[in-house]
Amino acid sequence: MKNSNGNTKLILLHPYIQKQGSSNRLWLLAFISFFTIAFLLTLIYTRESISGKTTATSTTVTGPSSAVSAFGGAPLPTNVINTLLHYASKSNDSFHMTYSELKPISDVLRKCSSPCNFLVFGLTQETLLWKALNHNGRTVFIDENRYYAAYFEEIHPEIDAFDVQYTTKISETRELIASAKEQIRNECRPVQNLLFSECKLGINDLPNHVYEVDWDVILIDGPRGDGPEGPGRMQPIFTSGVLARSKKGGNTKTHIFVHDYYRDVEQMSGDEFLCKENLVEHNDTLAHFVVERMEENSFQYCRSKNNTSTKASSS
């Protein structure tokens with residue numbers, strides 16, 4: 001009987017133990033749910049707070065990558081920022097154009113229809129300035145130094161620079177001009193695609209697309225023009241004249257600026273291939289020519305010289 005009674009007590013206590021365990025589990029589940037909800041609410045609040053702080057911080061930070069213009073709230077273009085930094089650090093540099101030289105080029109670029117195509121011979125102290133002034137336009141630079149062109153593009157990725165190997169010498173200027181005049185109906189004709197030309201004064205090793213662009217403004221500020229062994233600027237001057245006369249579309253006129261025009265090479269080449277009749281403005285160091293597009297069967301650089309020679313031969 002003792003055994004029977006003991007078993008009965010065990011049976012009576014068993015349901016109580018089950019109920020007690022279930023209650024504990026319910027309390028544990030409620031406890032975990034409470035802390036889970038509290039954790040999620042805390043996480044959401046924290047993220048919103050951080051996001052708000054980040055937004056507030058981003059609107060107050062100023063610097064090259066987040067500078068905001070006071071005009072319209074648009075970010076400043078990278079080239080404008082680089083220009084400001086460049087000229088702030090080069091303020092004592094003596095190898096730069098004067099205001100009287102910069103102003104005529106700037107005026108033409110400002111009036112140029114957008115997008116403006118601007119070709120520059122020479123990487124100089126004004127390179128970033130030209131890129132900035134021709135904002136939203138196409139600006140391409142040609143330089144004689146392959147390594148400097150690559151270096152400049154590396155530190156200023158927004159710049160398009162190509163190198164060219166000049167084959168001329170200043171000491172050969174007169175011979176080269178005479179040769180070009182003799183070949184005026186063949187390789188050195190004023191209207192042609194220089195990519196396929198063998199004219200000694202023509203530049204024919206630039207990227208193909210350079211010859212396909214209708215350039216609105218051309219600046220000749222390179223290559224080196226000092227010393228008899230220097231390449232001089234005969235090739236860029238002749239090439240610019242041909243590009244201007246051979247345009248297929250766009251504006252029929254091309255503004256061509258020649259820097260250091262006081263030197264013999266620049267004046268001789270300018271007179272022959274850009275022509276005095278097209279010279280609209282010049283000072284001691286800068287000449288401004290406006291060259292018009294010509295028909296494909298034209299075989300004269302300067303109309304005035306052609307007229308003079310015709311009258312002389314008829315008389």
Side-chain angles (χ1 to χ4, degrees), residues 105 108 117-122 140 142 164 166-168 170 172-206 210-223 225 231-261 263-282 286-309:
I105 304 173
V108 169
N117 296 320
F118 187 22
L119 180 63
V120 183
F121 289 92
V140 173
I142 310 296
V164 61
Y166 292 104
T167 59
T168 56
I170 291 178
E172 303 170 346
T173 300
R174 295 183 184 277
E175 298 174 14
L176 290 168
I177 291 177
S179 175
K181 292 169 69 176
E182 291 175 3
Q183 295 292 318
I184 195 171
R185 290 184 169 270
N186 297 305
E187 295 297 334
C188 299
R189 57 190 183 276
V191 180
Q192 61 169 309
N193 187 341
L194 288 171
L195 183 62
F196 308 103
S197 177
E198 295 297 329
C199 182
K200 293 181 179 179
L201 282 183
I203 300 175
N204 61 4
D205 59 347
L206 294 173
V210 174
Y211 301 99
E212 299 170 358
V213 175
D214 294 318
W215 299 105
D216 299 297
V217 185
I218 302 177
L219 170 61
I220 301 167
D221 201 9
R233 297 177 182 173
M234 303 84 74
Q235 281 188 287
I237 291 174
F238 174 83
T239 298
S240 298
V242 172
L243 290 174
R245 296 181 177 96
S246 306
K247 292 170 70 171
K248 301 299 183 183
N251 196 326
T252 59
K253 298 180 179 181
T254 304
H255 294 265
I256 301 177
F257 293 91
V258 182
H259 193 215
D260 299 318
Y261 195 66
R263 299 189 298 209
D264 292 338
V265 172
E266 281 76 4
Q267 286 190 9
M268 291 172 58
S269 302
D271 290 349
E272 290 293 341
F273 305 120
L274 301 180
C275 309
K276 288 184 177 180
E277 67 200 51
N278 299 323
L279 182 63
V280 296
E281 182 183 9
H282 75 95
L286 186 72
H288 178 192
F289 297 86
V290 178
V291 180
E292 292 195 44
R293 181 170 59 203
M294 284 185 172
E295 298 296 330
E296 190 171 355
N297 59 352
S298 300
F299 299 105
Q300 59 185 32
Y301 302 117
C302 308
R303 293 185 177 87
S304 59
K305 289 189 176 183
N306 181 72
N307 295 337
T308 302
S309 60

Verdict with reasoning, Leu219 to Ile105, per side-chain contact (heavy atoms from CB on, under 4.5 Å): CA-CA 8 Å; Leu219 170 61; Ile105 304 173; 3.9 Å; yes

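Closest of all the heavy-atom pairs between Tyr301 and Met294 is O-CE, 3.9 Å. For the residue pair Leu201 and Met234, the shortest heavy atom distance occurs at CD2-CB, 3.6 Å. Here the closest non-hydrogen pair linking Pro223 and Gly232 is CG-O, 3.0 Å. Residues Leu279 and Ala287 approach most closely at CD1-CB, 3.8 Å, considering heavy atoms. Among all heavy-atom pairs drawn from Phe273 and Ala180, the shortest one is CZ-CB, 3.9 Å. Among all heavy-atom pairs drawn from Leu274 and Asn278, the shortest one is O-ND2, 2.8 Å.
Between atom CG of residue Leu194 and atom SG of residue Cys188 there is a gap of 9.0 Å, rounded to the nearest 0.5 Å. Ser197 contributes atom OG, which lies 9.0 Å from atom OH of Tyr211 (distance to the nearest 0.5 angstrom). The CD1 atom of Ile203 lies 8.5 Å from the OG1 atom of Thr167; values are rounded to the nearest 0.5 Å. The line from NE2 of His255 to CG of Asp216 is 8.5 Å long, rounded to the nearest 0.5 Å. We find the NZ-CD1 distance between Lys181 and Ile184 to be 8.5 Å, quoted to the nearest 0.5 Å. We find the CD-CG distance between Glu292 and Asn251 to be 9.0 Å, quoted to the nearest 0.5 Å.
Using a distance-only test at 3.5 Å, with no hydrogens or angles considered, no donor-acceptor pair links the side chain of Trp215 to the main chain of Ile256. Listed for the Glu277 side chain is a donor-acceptor partner under 3.5 Å among the backbone atoms of Arg303. Under the 3.5 Å distance criterion, the side-chain polar atoms of Asp221 are left unmatched by any main-chain donor or acceptor of His259. At distances below 3.5 Å, at least one donor-acceptor pair connects side-chain atoms of Gln192 with backbone N or O atoms of Glu187. A donor-acceptor pair under 3.5 Å is absent between the side-chain atoms of Arg189 and the main chain of Glu296, judged by distance alone. Formation of a donor-acceptor pair under 3.5 Å by the Ser240 side chain with backbone atoms of Pro236 is found in this model.
Inter-residue side-chain proximity for Asn117 and Leu119 is flagged as unmet; no heavy-atom pair is nearer than 4.5 Å. In this structure, the side chains of Leu176 and Phe238 stay at 4.5 Å or more apart for every pair of heavy atoms. The closest side-chain heavy-atom distance from Val291 to Arg245 is below 4.5 Å. Within the 4.5 Å cutoff, no side-chain heavy atoms of Gln183 are placed close to those of Glu198. Contact check for Phe118 versus Val108: no side-chain heavy atoms found under the 4.5 Å cut-off. Between Phe121 and Ile237 the shortest side-chain heavy-atom distance does not fall below 4.5 Å. The closest side-chain heavy-atom distance from Thr252 to Lys247 is not below 4.5 Å. Using a 4.5 Å cut-off on side-chain heavy atoms (C-beta onward), Val217 and Phe257 make contact.
Between Phe289 and Tyr261, the ring planes lie perpendicular to each other; the angle is over 60°, past the 30° to 60° tilted range.
Residues meeting the side chain to side chain donor-acceptor pair (under 3.5 Å) test with Gln235, sequence neighbours left out: none.
Using a 4.0 Å cut-off between charged nitrogen and carboxylate oxygen, Arg233 and Asp260 count as a salt-bridge pair.
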